[in-house]
There are 2 protein chains.
Amino acid sequence: MSYKEKKVITIGIVSELTGLSERQIRYYEERRLIFPERTNGGTRKFSFMDVEKLVSIANQMEDGMQTSEIRKLEKKKLSTQDAEVRNRMIQGQLNAAFPTKKR
Amino acid sequence: MSYKEKKVITIGIVSELTGLSERQIRYYEERRLIFPERTNGGTRKFSFMDVEKLVSIANQMEDGMQTSEIRKLEKKKLSTQDAEVRNRMIQGQLNAAFPTKKR
DNA sequence: CGTGTAAGGAATTCTGACACG
DNA sequence: CGTGTAAGGAATTCTGACACG
């Protein structure tokens with residue numbers, strides 16, 4: 001796994017990096033917008049990906065979006081990506097199976 | 001600055017990532033092999049680069065090297081790199097100044 | 001709904017020192 | 001020299017709750 005996805009940053013640092021309060025960060029986790037891991041003792045651990053996502057969330061909140069909307073939009077984006085990946089894979093399979101077909 | 005160099009990891013996580021004890025990590029800082037930053041409160045903050053360097057240090061310690069030797073070797077490596085960079089830059093300047101010269 | 005805050009406790013980290021070798 | 005450990009304190013984080021709106 002790349003450094004970007006490794007969960008190693010505590011909430012205080014994340015707060016500094018994002019400009020969000022710890023309260024906000026915990027709340028966004030409660031609303032299932034981010035998914036930090038935990039140490040054995042229960043301390044949250046975030047990745048740089050989480051930090052980026054939090055900045056994005058902050059922007060969407062500023063635009064008046066609610067956490068529920070942000071979550072839904074995120075889901076939609078992911079399923080769209082999934083569909084695109086599937087399409088490309090199928091297309092690849094077809095191209096391999098029928099090499100004579102144009103393009 | 002890239003994620004790799006950003007100082008955001010606390011010593012407990014670094015200990016887990018490297019397999020080194022916190023005592024060892026603090027000692028290597030005392031011997032100036034690594035240079036973590038600090039929070040306002042005084043808590044150490046490490047980067048993924050530091051983590052990599054610590055793994056390298058651990059290997060060198062296993063090979064029987066002393067911290068003073070490791071530090072010297074590190075310095076040597078850096079000055080060698082510097083020299084190489086300078087050489088390349090000078091060569092580049094020369095190539096630009098005398099484009100007719102072969103190569 | 002989203003966020004601030006005070007409260008109490010627990011986990012984490014810090015330093016300086018002693019020990020062993 | 002390099003590392004473990006107990007000690008005491010300070011910084012950090014955690015949860016559940018109340019408040020405001």
Side-chain angles (χ1 to χ4, degrees), chain A residues 6-75, chain B residues 6-75:
Chain A
K6 232 161 177 9
K7 309 270 188 175
V8 297
I9 318 177
T10 49
I11 198 167
I13 311 273
V14 173
S15 174
E16 280 186 5
L17 293 177
T18 61
L20 295 170
S21 70
E22 301 186 6
R23 180 69 167 97
Q24 289 174 306
I25 297 169
R26 293 193 188 102
Y27 180 67
Y28 298 151
E29 176 192 19
E30 185 188 322
R31 300 311 313 276
R32 289 166 299 142
L33 298 181
I34 48 173
F35 304 92
E37 294 181 357
R38 301 275 183 147
T39 65
N40 293 332
T43 301
R44 268 169 273 252
K45 296 183 295 183
F46 302 81
S47 67
F48 281 113
M49 269 269 290
D50 293 325
V51 171
E52 286 189 8
K53 190 174 273 184
L54 280 169
V55 171
S56 157
I57 291 169
N59 287 327
Q60 297 178 78
M61 292 298 288
E62 272 186 34
D63 295 346
M65 256 191 261
Q66 294 189 186
T67 56
S68 58
E69 300 175 301
I70 296 176
R71 175 154 25 85
K72 284 177 190 166
L73 182 57
E74 183 62 19
K75 251 188 166 175
Chain B
K6 231 161 178 9
K7 309 271 189 176
V8 296
I9 318 177
T10 50
I11 197 167
I13 311 273
V14 173
S15 174
E16 281 186 4
L17 293 177
T18 61
L20 295 170
S21 70
E22 301 186 6
R23 179 69 166 96
Q24 289 175 304
I25 297 168
R26 293 194 188 102
Y27 181 67
Y28 298 151
E29 176 193 19
E30 185 187 322
R31 299 312 312 277
R32 288 166 298 139
L33 298 181
I34 48 174
F35 304 92
E37 295 180 356
R38 301 275 182 146
T39 65
N40 292 332
T43 301
R44 267 169 272 253
K45 296 185 293 182
F46 301 81
S47 67
F48 281 113
M49 269 268 290
D50 293 326
V51 171
E52 286 189 8
K53 190 174 274 187
L54 280 169
V55 171
S56 157
I57 291 169
N59 287 328
Q60 298 178 77
M61 291 298 288
E62 273 186 33
D63 295 347
M65 254 191 264
Q66 293 189 187
T67 56
S68 58
E69 300 175 302
I70 296 176
R71 174 155 23 86
K72 284 177 191 168
L73 183 57
E74 182 63 20
K75 251 187 165 175

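Remember, it's a predicted structure, so these values are computed and weren't measured experimentally. Below, chain A is the first sequence line, B the second, and so on; all start at residue 1.
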Any side-chain heavy-atom pair from A/Glu37 and A/Arg44 closer than 4.5 angstrom? no
Pull out every residue in residues 6-14 of chain A that has a heavy atom closer than 4.0 Å to any atom of DNA chain C, ordered by number, or say none. none
In whole Å, I'd like the distance from the CD atom of A/Glu22 to the C1' atom of D/dT12. 8 Å
Close side-chain approach of A/Ile9 to B/Ile13, heavy-atom, < 4.5 Å: no
Hey, does the side chain of A/Tyr28 come within less than 4.0 Å of C/dT3's phosphate (OP1/OP2), counting only N and O? yes
Listed pairs, N/O of protein and of nucleotides 15-17 of chain D, under 3.5 Å:
unit_1	atom_1	unit_2	atom_2	d
D/dT15	OP1	A/Arg38	NH1	2.9
D/dT15	OP1	A/Arg38	NH2	3.2
D/dT15	OP2	A/Arg44	NH2	2.4

In this structure, how many angstroms lie between the P atom of C/dT3 and the CG atom of A/Leu33, rounded? 10 Å
Which atom names give the shortest non-hydrogen contact between B/Lys6 and A/Phe48, and what distance separates them? CB-CZ, 4.1 Å
Given Watson-Crick or G-U pairs with both distances under 3.5 Å, what dot-bracket string fits DNA chain D, with | for other-strand pairs and [ ] for crossing? .||||.||.|.|.||.||||.
Could you list by number each residue of residues 45-70 of chain B showing a heavy-atom separation from DNA chain D of less than 4.0 Å, or answer none if no residue does? B/Met61, B/Gln66, B/Thr67
Applying ring-ring contact (aromatic ring centres under 6.0 Å, His included), can you list everything that pairs with B/Phe46, at least two apart in sequence or on another chain? none
Determine whether A/Tyr28 and A/Leu20 make a side-chain contact, defined as any pair of heavy atoms from C-beta on separated by less than 4.5 Å. yes
Side-chain donor-acceptor pair present, B/Gln60, B/Ser56, cut-off under 3.5 Å: yes
B/Pro36: which of B/Arg26, B/Glu29, B/Lys45 passes side-chain contact (heavy atoms from CB on, under 4.5 Å): B/Glu29
Heavy-atom nearest nucleotide on DNA chain C taken for A/Tyr27 and for A/Asn40; more 5' hit belongs to A/Tyr27
Between B/Ser21 and B/Thr39, just flag the one whose closest nucleotide in DNA chain D comes earlier from the 5' side. B/Ser21
Return yes when atom CG of B/Asp63 has more than 12 non-hydrogen atoms of other residues, nucleotides or ligands closer than 6.0 Å, and no otherwise. yes
Does some side-chain heavy atom of A/Met61 sit less than 4.5 Å from a side-chain heavy atom of A/Thr67? yes
For a quick check under 3.5 Å, do B/Asp50 and B/Ser47 share a side-chain donor-acceptor pair by atom type? yes
Quick one: side chains of residues 68-75 of chain B, donor-acceptor pairs under 3.5 Å with protein atoms, not counting sequence neighbours, listed by atom name and distance.
unit_1	atom_1	unit_2	atom_2	d
B/Glu69	OE1	B/Gln66	N	2.7
B/Arg71	NE	B/Arg31	O	2.9

With heavy-atom distances below 4.5 Å as the criterion, would you say the side chains of B/Val8 and A/Thr10 are in contact? no
Is any side-chain heavy atom of B/Val14 closer than 4.5 Å to one of B/Glu22? no
Atom pair distance, as rounded to whole Å: CD1 in B/Ile34 and P in D/dG2: 14 Å
